[in-house]
Protein chains: 2
Amino acid sequence: MARRRQAVTIKHVAADAGVSLQTVSRVINKEPNVRPEMKAKVQASIDKLGYVPSIAAQRMSGSRSYLILALNDRDRTIADWKERQGADWVDQMLLGGMLKCAEHGYRLIFELVDTHSDHIERELTAAIAALQPDGVILTPPHSDNPLITGVLEKQDIPFARISPGVPGRGIAITMNDDGAAEMATDYLADLGHSRIGFIAGPDEYSVSGWRTDGWEKAMATRGLDTAGLFHKGDFSFESGREGAEALLNGPNRATAIIASNDQMALATLEVAREKGLAIPADLSLISFDNTPIVKFTHPQLTAVDQPIAQVAAKAVDLIIAAHRDGEVPDAPVVVPADLVERASTAPPR
Amino acid sequence: MARRRQAVTIKHVAADAGVSLQTVSRVINKEPNVRPEMKAKVQASIDKLGYVPSIAAQRMSGSRSYLILALNDRDRTIADWKERQGADWVDQMLLGGMLKCAEHGYRLIFELVDTHSDHIERELTAAIAALQPDGVILTPPHSDNPLITGVLEKQDIPFARISPGVPGRGIAITMNDDGAAEMATDYLADLGHSRIGFIAGPDEYSVSGWRTDGWEKAMATRGLDTAGLFHKGDFSFESGREGAEALLNGPNRATAIIASNDQMALATLEVAREKGLAIPADLSLISFDNTPIVKFTHPQLTAVDQPIAQVAAKAVDLIIAAHRDGEVPDAPVVVPADLVERASTAPPR
DNA sequence: CTGAAAGCGCTAACAT
DNA sequence: ATGTTAGCGCTTTCAG
């Protein structure tokens with residue numbers, strides 16, 4: 001393959017504008033100490049020649065690569081893709097992250113890493129060495145993986161932790177999961193439900209605990225009993241079935257259920273149908289993911305909508321700011337979730 | 001932000017192994033003319049120090065950036081993401097493309113470009129200048145955009161065209177769309193249908209024409225009349241409704257319909273329900289996308305499954321080969337689609 | 001405010 | 001089979 005050189009480099013621009021390389025560089029990087037007329041002249045040449053800096057060269061000398069790495073859970077993502085059930089989380093991250101990156105002249109590079117792997121540090125170090133990203137976005141469960149955050153801290157790379165479970169360095173961004181669970185519980189209680197069941201996610205994801213907390217708090221505030229209304233699942237369809245079976249068993253069964261993700265909500269739907277329970281007449285159901293499929297169930301599911309795109313965009317903004325002037329918000333940034341009302345909720349019989 | 005240097009460079013490895021930089025470079029690049037013992041010594045140092053080459057530096061001197069650009073239709077992808085209906089095509093491309101890239105030590109960079117934009121050449125040139133990718137994957141409708149292929153040809157960058165409509169340079173990869181449409185039509189005819197309708201996609205996507213061709217050929221082969229059985233849509237739900245209305249009108253209505261994508265299939269489902277037609281008893285339906293949602297309709301849809309992941313993987317393989325030794329397959333590479341039988345097809349009444 | 005020089009990490013071309 | 005030299009395109013010193 002032919003050795004490919006940059007078509008138009010900073011040299012061409014400098015020659016065309018009749019200035020030194022430095023001046024061009026200063027204009028590109030929006031540095032001060034350039035007279036407006038110089039700047040205009042250089043900019044004219046840049047536009048004329050269609051010059052675009054090579055990020056490889058920029059990375060070589062300077063400190064910016066204009067690359068942001070988004071790390072997602074490998075097994076989970078691949079499994080979702082392979083089953084062709086979509087990966088809404090990934091889509092929304094790309095939507096929010098890529099577009100925001102583009103605004104800043106950055107690129108988002110999407111990477112999969114295995115959180116359970118014993119060579120996770122090696123994998124991550126390799127990705128960083130190869131790409132030299134200006135920042136990293138961590139999604140659950142990576143947000144709380146000390147092996148990952150450790151590498152990032154040591155290398156002094158700005159990183160955002162989405163829905164982190166424990167305090168720590170890095171930019172924390174949450175979606176107010178406990179508040180959202182509380183809101184969903186309140187919504188059901190306001191409809192008249194008192195037997196509101198909750199199917200939780202696994203401890204590995206810290207959002208699981210928060211969502212549970214929100215439900216518990218709302219129930220406690222209203223003085224509602226939670227006995228026999230809680231089941232811990234693992235986000236899988238099968239565990240959702242088990243949860244639904246447990247909560248819909250006996251005379252004192254739940255009349256409403258909040259499932260911590262879409263798969264477990266779908267499973268609950270299936271179990272309810274098997275038991276001859278009509279939704280929403282006999283059972284109200286709220287999903288904790290507003291993924292595409294909850295609009296294709298019968299009835300369509302009322303769901304907590306997580307603003308993943310906005311979170312990703314926020315993460316990009318904050319990472320770029322952190323990379324530029326080292327400013328990191330001291331408190332977690334909150335991008336609150338919303339409740340989307342559809343047809344799976346109604347007052348109890 | 002602190003200026004971040006490579007933690008461990010080729011120099012460290014060379015010093016540690018007691019050889020020259022070049023020898024290390026040769027080992028990294030698997031070049032010949034290195035004695036096994038040297039190679040082993042160098043490799044030991046690489047492993048010991050955890051050395052990983054900087055792709056920025058590799059790009060600066062050599063001809064490889066280890067980056068492959070995947071170009072998708074901007075408006076369409078963003079629209080799908082925003083409606084949270086998923087973007088199965090994108091997911092599958094990432095699945096196949098990323099994993100295959102990883103095997104080769106490459107990275108896939110996902111980009112959105114607007115095919116209708118008048119500054120598309122500028123956009124693309126900028127992306128290429130910034131990233132210097134070793135190859136580009138073009139998806140419809142970009143595969144046939146002469147502005148895009150022109151830039152790539154001129155810059156001598158290997159590129160794959162997925163489902164290209166017209167011959168041209170670059171690596172062509174098809175999914176045998178006409179064969180798949182023929183297969184779907186035959187499947188329905190074998191069930192006993194003779195009034196098999198077809199809702200086509202827009203001309204902008206060349207697959208639309210091929211799928212239509214396949215249907216027409218199958219119908220002709222069996223001597224079946226196609227009058228009143230064809231409608232051209234634009235892949236949108238609304239156009240699918242129009243198509244279904246047209247094909248299900250009158251006494252001589254279609255008893256089976258093939259929709260060229262999932263949205264139009266869903267629309268057909270809705271129209272059928274409105275008309276009181278049971279599926280599959282009164283109407284058989286085949287979707288031309290096996291996206292997640294077709295498994296959540298009632299009944300689940302029989303669908304043509306397009307092997308997008310395999311196509312993307314194949315594209316990566318071929319691009320890397322082309323970049324390495326300039327070898328480009330002279331005939332289009334075919335990765336055939338399959339028919340997934342579900343519950344939306346049955347013999348006519 | 002602007003320019004000249006040095007060097008980032010790596011590989012191609014040319015020695016040896 | 002191995003080492004040496006000269007850049008790639010850009011930014012960071014450091015001089016003017």
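Every chain is numbered from 1, with letters handed out A, B, ... down the list of sequences. The figures here come from the full heavy-atom set of this structure, side chains too, leaving out hydrogens, waters and symmetry mates.
Contact annotation for B/Pro32: no contact, since no heavy-atom pair falls under 4.0 Å across all strands. Residue-level contact check: A/Gln22 touches the bases, meaning some heavy atom is under 4.0 Å from a base atom.
Atom CD1 in B/Ile10 sits roughly 13 Å away from atom C1' in C/dC8 (whole-Å rounding). In this entry the distance linking CD of B/Gln58 with C1' of D/dC8 reads 13 Å, nearest Å. Rounded to a whole Å, the CD1 atom of B/Ile46 is 13 Å from the C1' atom of C/dC10. Separating the CG atom of B/Leu21 from the P atom of D/dA1 is a distance of 20 Å, rounded to the nearest angstrom. To the nearest angstrom, C1' of C/dT2 lies 16 Å from CD1 of A/Ile28. Nucleotide C/dT2 holds its C1' atom 12 Å from the CD atom of A/Glu31, rounded to whole Å. Spacing between atom CZ of B/Arg26 and atom C1' of C/dC10 amounts to 13 Å, rounded to whole angstrom units. If you measure from atom NZ of B/Lys11 to atom C1' of D/dG3, you get 15 Å, rounded to the nearest angstrom.
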Check the pair B/Ile308, B/Thr139 against side chain to side chain contact (heavy atoms under 4.5 Å, CB included), reporting the backbone distance first and the verdict last. CA-CA 10 Å; B/Ile308 299 166; B/Thr139 61; over 6 Å; no

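Looking only at atom types and distance, the side chain of A/Tyr66 has no donor-acceptor partner in the side chain of A/Asp134 under 3.5 Å away. For the residue pair A/Asn72 / A/Thr77, no side-chain donor-acceptor distance below 3.5 Å is found, with atom types taken as modelled.
Listed pair A/Ser25 / D/dT11 meets the phosphate criterion, a side-chain N or O lying under 4.0 Å from OP1 or OP2. Close to D/dT11, at under 4.0 Å from its OP1 or OP2, lies a side-chain N or O of A/Asn29. Side-chain nitrogen and oxygen atoms of B/Tyr51 include at least one within less than 4.0 Å of the OP1 or OP2 phosphate oxygen of C/dC10. OP1 or OP2 of C/dG3 has at least one side-chain nitrogen or oxygen of A/Thr23 nearer than 4.0 Å. The shortest distance between the side-chain N/O atoms of B/Ser20 and the OP1/OP2 oxygens of D/dG3 is below 4.0 Å.
Where A/Arg35 and B/Tyr66 meet DNA chain C, the nucleotide closest to each residue was compared, and A/Arg35 sits on the side nearer the 5' end.
In this structure, B/Arg74 does not pair ionically with B/Glu111, as no charged nitrogen and carboxylate oxygen lie closer than 4.0 Å.
Minimum atom distance to the side chain of B/Ala57 is reached by C/dC10, of the listed C/dA12, C/dC10, D/dC8. Distances were taken from every side-chain heavy atom of A/Asn33 (C-beta onward) to each of D/dC8, C/dC1, C/dC8; the shortest belongs to C/dC1.
Partner of B/Arg161 under the side chain to side chain donor-acceptor pair (under 3.5 Å) criterion, out of B/Asn145, B/Thr149, B/Asp144: B/Asp144 alone.
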